[in-house]
Amino acid sequence: MRIIVCIKQVPDTAEVRINPETGTLIREGVPSIINPLDMHAIEAGLQIKEKIGGKVTVISMGPPQAESALREAVAMGADEAVLITDKTFAGSDTWATSYALSMAIKKIGADIIICGKQAIDGDTAQVGPETAEFLNIPHISYVRKIENIEKDLIKVQRLMDEGYDIVESSLPVLITVIKELNEPRLPSLKGKMAAKKAVIQKWSAQDIGVSENDAGIKGSPTQVKNVFTPQARNDRKILEGTPEQQVDALIMELRGLKCL
Amino acid sequence: MSVKVNIQKCNSCEECIKSCPFDAIEMKEGKAFINEYCQLCMTCINVCPEGAIYEETEGTQTNEQRPLDYKGVWVFAEHREGKVAHVAYELLGIGRTLADDLNVELCAVLLGASENEAQELIKWGAEKVYHAKDNIFNTFNDEPYSKILTRLIAKNKPEIILCGATPLGRSFIPRVAARLRTGLTADCTSLKIDKETRNLLQIRPAFGGNIMATIVCPNKRPQMATVRPRVMKPGVYNPDRKGEIIDVPSDNLSSRTKVIETVKEGTGCFVNLQEAEIIVSGGRGLGDAKGFKLIQELAEVLGGAVGSSRAAVDAGWIPYRHQVGQTGKTVCPKIYIACGISGAVQHLVGMQSSDIIIAINKNPDAPIFNVATYGIVGDLYEIIPLLIKKIKENKGM
Ligand SMILES: Cc1cc2nc3c(=O)[nH]c(=O)nc-3n(C[C@H](O)[C@H](O)[C@H](O)COP(=O)(O)OP(=O)(O)OC[C@H]3O[C@@H](n4cnc5c(N)ncnc54)[C@H](O)[C@@H]3O)c2cc1C
Ligand SMILES: Nc1ncnc2c1ncn2[C@@H]1O[C@H](COP(=O)(O)O)[C@@H](O)[C@H]1O
């Protein structure tokens, strides 16, 4: 089975702080991590390989620094890693990112492609489904359990609003995964050694056949017009007194707001 | 468009470097230099004390012209087992405002469900409903949904498409945007029209809710956005409103995915967190799984749903579908009651846009109090039973 896992390197948003004076992000010292849900995607790829055999290729599109994320995936057990990196990709939105990923995936060849449900920086959850559309293959989102996978058939549980669906698909297929699916493994010693030695292939736009008009800012239909900090709320109230008094005060407030 | 540095003005203070979320600024020969990783977020422009960083719009603009023959605002009306979901009425509410600002018509698209539901959409404000009745739409598969919507858009050319940022909407609509080669903005919390350009200003949280971004799609049509449930006001219901229902043929649709079974997973109470008006959430502070009985009781008297922090899910006290936060659901109810939840950023990003936040926590320094509208410092096992009692009294229960 040819398994491709798409991973993204993201700033750890838990560490992102706002400068209260300028109202802007303080990026200093914020570590880069593999998007947390992509860790589950890697784990899913490794488990499929362990079960039915095959090869796991991790790919990422991003700046040269993203190489470290790919090495981490190799340390976990991925067989091969490709970094799609090129100046012309800068400023790519989900359309341009998905297009580039799909072109790289075509070049490698895949039976199953695994993405995280969403990335914590952009939070769009769009790259998986868009990539599937460019590849003209089916996709299944929010996979929380893989019930069965064979040469040309997969059966999974897809989390929905009020329960889950059991969904079957032919292969090749793209799935996006949620945290519930598995527990990502830690790198083994052997894996860490392999990661040190691994050659991370680097592909440019030309290598995957993406023209300038379809890449980066030029190829992106959306643009960020501006960013601003959300308005601080100034309606905060810590209630006081005995528990009984606090609860009474709360009930009064809620009645005043017509919430009760 | 690009961001440039006026090196005459740059005094090498490096403030911009610290502010850049993308590591896109470096020092070169003692001056700030914007490298190729710039995402045009403009943060540095606001930070620079010397005003040395500026936006350059000339020259790099794509010469592509925005298509002018796209007209009208469309909303995608999703349904659950044949009943239109509330988010569709909310889309008709915001859709009306946008359509009026643009002076165009407001239409809805309904896949599956009955004619009666199509009529409901009209009463909620749609002038036309494109209705495809085929049975293939009764269960949700991404391919037929995206194919038919792509077809309808290509044929009728609306300038704006809105869809709920629900599991269903966020799964299939990206395929439509990809196929139409247009932009799609995820999970918007505010939408406006820039009257001058007729562009849709799409406002959404990014970086875990730490910043808000305005996204535009200036040169492509349609402009597509998913909209967070419960943020927009629903349209005005008028039982006498008349509109047109257009039957949409659904031939040549197929799906390579197949839903074999749909399993409902209730824990006895309402679990669709994204549509709940009131959510009562429990965290590690509950101490054990039994604590959720109390949470559920409070949710029941309020007519709300039960949420949780990740710590409670990881402890196995409640299923994952109840988890609110970065790796769980993003919710925006009228009232969010956090019980025994410390308020880690990953939790906050999933609930901080709620209208009213009530925090019950015994530690007065818990960060949850920073976002709480009302904070109660105390033991939840003492507070919640009292609260239940008083609410019951108030409601005459
Ligand atoms: C990649 C990543 C993703 C994550 N995603 C999420 C996510 O989606 N959602 C999420 O919630 N978390 C998420 N987390 C975890 C998050 O960082 C916190 O660990 C988690 O939210 C803590 O849950 P908690 O507040 O219930 O527990 P704690 O932090 O342990 O807080 C328990 C609170 O209960 C209070 N308390 C204890 N006993 C009582 C009592 N009797 N009465 C009143 N108060 C009491 C304590 O004072 C304390 O403040 C994520 C973490 C990571 C690294
Ligand atoms: N630049 C990228 N390189 C590789 N994979 C990506 C990239 N961006 C997004 N993905 C994948 O798409 C998923 C969803 O990302 P997003 O649509 O940005 O929320 C992620 O979890 C990754 O699996």
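Every chain is numbered from 1 and lettered A, B, ... according to where its sequence line falls, protein lines coming before strand lines. As the structure is a prediction and not an experimental result, all values here were calculated from the model.
- With a threshold of 4.5 angstrom between heavy atoms, Ser98(A) does not approach chain B through any atom at all.
- Heavy atoms of Tyr164(A) lying under 4.5 Å from chain B belong to its backbone as well as its side chain.
- Around atom CZ of Arg181(B), more than 12 heavy atoms belonging to other residues, nucleotides or ligands sit under 6.0 Å away.
- Within a 6.0 Å radius of NZ in Lys258(B), other residues, nucleotides and ligands contribute 12 heavy atoms or fewer.
- Residue contact with chain A, scored on non-hydrogen atoms closer than 4.5 Å, involves the backbone and the side chain of Ile391(B) alike.
- In this structure, the portion of Val313(B) lying under 4.5 Å from any heavy atom of chain A is its side chain and not its backbone.
- Heavy atoms closer than 4.5 Å to chain B are found nowhere in Ile154(A), neither backbone nor side chain.
- Heavy-atom distances place no part of Ile173(B) under 4.5 Å from chain A, backbone and side chain included.
- For Ile203(B), the part sitting under 4.5 Å from any heavy atom of chain A is the side chain, from C-beta outward, and nothing else.
- Both the backbone and the side chain of Lys390(B) come within contact range of chain A, judged by heavy atoms closer than 4.5 Å.
- Only the side chain of Asp248(A) comes within contact range of chain B, judged by heavy atoms closer than 4.5 Å.
- Atom CD of residue Gln9(A) and atom CD1 of residue Ile33(A) lie 9.5 Å apart, to the nearest 0.5 angstrom.
- Taking 4.0 Å as the cut-off between side-chain N and carboxylate O, Asp165(A) and Arg158(A) count as a salt-bridged pair.
- The contact between Gln323(B) and chain A is made entirely by side chain atoms (from C-beta outward), counting heavy-atom distances below 4.5 Å.
- A distance of 8.5 Å separates OG in Ser211(A) from CE in Met103(A), rounded to the nearest 0.5 Å.
- Atom NZ of Lys392(B) has 12 or fewer neighbouring heavy atoms from other residues, nucleotides or ligands inside a 6.0 Å radius.
- Electrostatic pairing of Arg175(B) and Asp142(B) does not count as a salt bridge here, judged by no charged N lying under 4.0 Å from a carboxylate O.
- Contacts between Glu240(A) and chain B at a heavy-atom distance below 4.5 Å are absent for every atom of the residue.
- Heavy-atom distances place the side chain of Glu143(B), and not its backbone, under 4.5 Å from chain A.
- In summary, Asp123(A) and Arg204(B) do not engage in a salt bridge, as defined by a charged side-chain N under 4.0 Å from a carboxylate O.
- For chain B, the option among Val127(A), Ile137(A), Thr131(A) with the highest count of heavy-atom pairs below 4.5 Å is Ile137(A).
- Of the atoms belonging to Ile251(A), it is side-chain heavy atoms, and not backbone ones, that fall under 4.5 Å from chain B.
- The parts of Ile376(B) that come within reach of chain A are both its backbone and its side chain, each placing non-hydrogen atoms under 4.5 angstrom from that chain.
- Comment: Glu67(A) engages Lys202(A) in a salt bridge, judged by a side-chain N to carboxylate O separation of less than 4.0 angstrom.
- Heavy atoms closer than 4.5 Å to chain A are found in the side chain of Leu201(B), but not in its backbone.
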